[in-house]
Amino acid sequence: MSPHDPELWAGFDEMTPEDITGPGWDEPVPLNPRGQLPAFPVDALPDWLAAMTAGVAEETQTPVDLAGCLALAVIGTAAGGRVTVNVRGQWSEPVNLYTAVALPPGNRKSAVFGLMTKPLLAAEKALIDLTAPQRAEAAASARIAKAAAERAEKMAANADADKLAGLTAQAISLAEAAERAVVPVEPQLVADDITAESLTSLLAQQDGRISILSPEGEIFEIIAGRYSGVPNMGIFLKGHAGDMARVNRQARDPQYIENPAITMGLAVQPDVLDSIGQIKGADGRGLLARFLYSKPQSLVGYRNLTPELLSPETAGTYAQKLGCLALTLAGWTETAELSLTPEADAVLLAYQRVTESRLRKDGSLAPIVNWASKRDGAVARIAGLLHLAAHPEDAWTRPIATETMAAATRLGDYFTAHALDVFNAMKADPAQEAAHTVLTHLSETRTATFTKRDLFRAMPRSEFPAMGDLDPALNLLEEHGWIRQQPPPPRTTRGGRPPSPRYETHPRLTPAA
C-alpha cells in the first residue's frame with residue numbers, strides 16, 4: 001500500500017489527535033503528494049470494445065488502463081492513416097495516437113498485448129494471402145522486364161553500325177521499364193523493435209502507415225540513440241503529425257511519404273517513463289508532448305487468482321469488428337475526412353475554451369504547456385477512433401455524434417491527469433523519488449522501527465547501490481515528519497564499528513489492523 005493511498009487514511013477522522021499521531025508526533029507533511037489518478041473510463045468506449053477491454057483486464061488481472069489504452073491504439077492501427085477529423089475547417093487531425101502505459105514487471109503485459117492484438121495479426125496474414133497473386137504477378141513481370149532489358153543490351157552491344165542506333169534506343173527503353181518495375185512487399189500492420197531508418201523505409205513500403213505495439217519500452221532507447229549514438233526522433237515527430245518524410249537510398253530515386261501515420265501502443269516500466277525526459281531534445285522538439293500517458297496502480301499482490309475468463313462471444317465480436325475495419329481500410333489509397341455534427345462541435349469548442357483558460361501562467365495546465373497545447377487535437381483524434389469503433393462498417397459516411405465527442409473529452413481528462421503526474425515525476429528531485437520508494441517500503445511492511453543498515457539490506461540495489469545513497473531520502477523523510485532518528489546508545493570503551501543509526505516511523509505507517 002502506498003502512503004498516499006486513501007485506504008491508509010481511512011478511519012482517522014474519528015480518532016483523537018494523539019490516536020492519529022501518537023505521543024510526540026506531529027502531523028506528517030506529504031511528499032509532493034501524488035493524488036489518486038483516475039482509472040481508465042471503460043464506458044467511454046463503444047460497447048464491443050468496452051466489453052473486450054474489461055474482459056481482458058479481468059482475465060489477466062491487470063489494470064483496465066492497459067487494455068483501454070491499447071484498445072485505442074489497435075483502432076488507430078486498423079485505421080492505418082486513412083481517416084482524419086476535420087475541425088471546423090480550421091485544422092485536420094489524423095487518428096493515429098501514441099500511448100504509453102507505465103507498469104512494473106510481473107504485470108502480464110505480454111498477455112494483454114497478445115489478446116488485444118491477435119485480430120490485427122490475423123488481418124495482416126489475411127492481407128498477405130489476398131495480395132499474394134498480385135505480388136507474384138508483379139515479381140514475374142519485373143523478372144521478365146529485367147531479362148528483356150539484358151537481352152536488348154547484349155543485342156545493341158553486338159549490333160552492326162546500321163542497326164546500332166535503333167537497338168540502343170530499344171535497350172534504353174527496356175532498361176527504364178525494368179527500373180520502374182516495382183514488386184510490392186508483403187503487407188505489414190505491426191512492427192516492434194525497429195531503428196528510425198528502418199522505420200522510415202518501412203513506412204515507404206507500407207504506403208505511409210505502420211504501427212508499433214510493444215509490451216516493452218525499447219523504442220525509447222532507439223529514439224535516444226541506441227544504434228546511432230545520438231537521438232533520432234525526426235520520423236517519430238513526422239509520423240505523428242503527418243508531415244511529409246523523405247527516404248533516400250543508394251542507386252534509387254528518393255521516395256516521398258506524403259502523410260506518414262505511425263501508431264504507437266507501448267507498455268513501459270515506470271522508471272523508463274520517468275527517464276525519457278532526459279532524452280536530448282525530446283521535450284524541446286515536442287516528442288514527449290505527442291504521447292498520451294497512463295500510470296495505473298499495479299494489481300500485483302491484490303490479484304484474484306480465480307478470475308472470470310474472457311467470454312468467447314466477446315472475443316469473437318472483437319475479432320470480427322476489428323478485423324473488418326482493418327481489412328476494409330487497408331485497401332484505401334485516399335483519406336476519408338470525418339466531420340462533426342454541430343452539437344459535437346459545440347462540445348469540442350467548450351473543451352477548447354477550458355484548455356485555453358488553463359494554459360495561462362497561473363492555470364493548472366501551465367506546468368505541461370507543451371503537452372496541453374496538443375490536448376484538444378488529441379481529443380479530436382480520440383473522437384475519430386471512437387467513431388470508427390462505433391460504426392466499423394460505414395463510419396466515413398456519417399459525422400461524429402455528440403455522445404462520441406463527449407466520451408472523447410472524458411478520455412482527454414483522464415490522459416490530462418496522468419500527464420500531469422508523469423511530467424511532475426520527470427522533473428522531480430531524485431531525493432523525492434528515493435524518499436517515495438523508502439516510504440512505500442515502510443508503509444507496505446508496517447515497519448515501526450528500523451536501522452539504516454537493515455533498511456539498506458531490504459532496498460533494491462538498482463536504486464540504492466551504497467548505504468550512503470539512503471541519506472537524501474532519510475533526511476527528506478525526517479524533515480517531513482515521517483520518521484525520526486532515535487538517540488544513539490552510549491558508546492562503550494571497547495571500540496569497534498559504531499551502531500547503525502536507528503529510526504522510528506510515524507504511527508500512520510503502522511495502523512492497527
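Only this structure's heavy atoms are used, side chains among them; waters, hydrogens and symmetry mates stay out. For reference, positions follow the sequence shown, starting with 1.
With hydrogens and angles ignored, the 3.5 Å screen pairs a side-chain donor or acceptor of Q61 with a backbone N or O of E58. For R108 (side chain) and G106 (main-chain N/O), no donor-acceptor pair under 3.5 Å exists by modelled atom type. Proximity of a side-chain donor or acceptor of R353 to a complementary backbone N or O of L349 within less than 3.5 Å is not detected. Side-chain atoms of H418 come within 3.5 Å of backbone N or O of K295 as a donor-acceptor pair. Between the side chain of Q206 and the main chain of L189, no donor-acceptor pair closer than 3.5 Å is present.
The distance between the ring centers of Y98 and H240 falls below 6.0 angstrom. For F291 and F220, the gap between ring centers is short of 6.0 Å. Here W482 and W25 keep their ring centres 6.0 angstrom or further from each other.
Shown here is E356, whose CD atom has no more than 12 heavy atoms of other residues, nucleotides or ligands within 6.0 Å. Around the CG atom of D471, the shell of radius 6.0 Å holds more than 12 heavy atoms that belong to other residues, nucleotides or ligands.
Relative ring orientation between F423 and Y293 is described as perpendicular, the plane-to-plane angle rising above 60° on a 0-90° scale split at 30° and 60°.
Minimum heavy-atom separation, L411 to P41: CD2-CG, 3.7 Å. Residues P63 and P296 approach most closely at CB-CB, 3.6 Å, considering heavy atoms.
The shortest side-chain heavy-atom distance between L365 and R375 falls under the 4.5 Å cut-off.
If you take OG1 on T335 and CG on L338, they are separated by 10.5 Å, rounding to the nearest 0.5 Å.
For D43 and R410, the salt-bridge test passes: some basic side-chain N is under 4.0 Å from an acidic carboxylate O.
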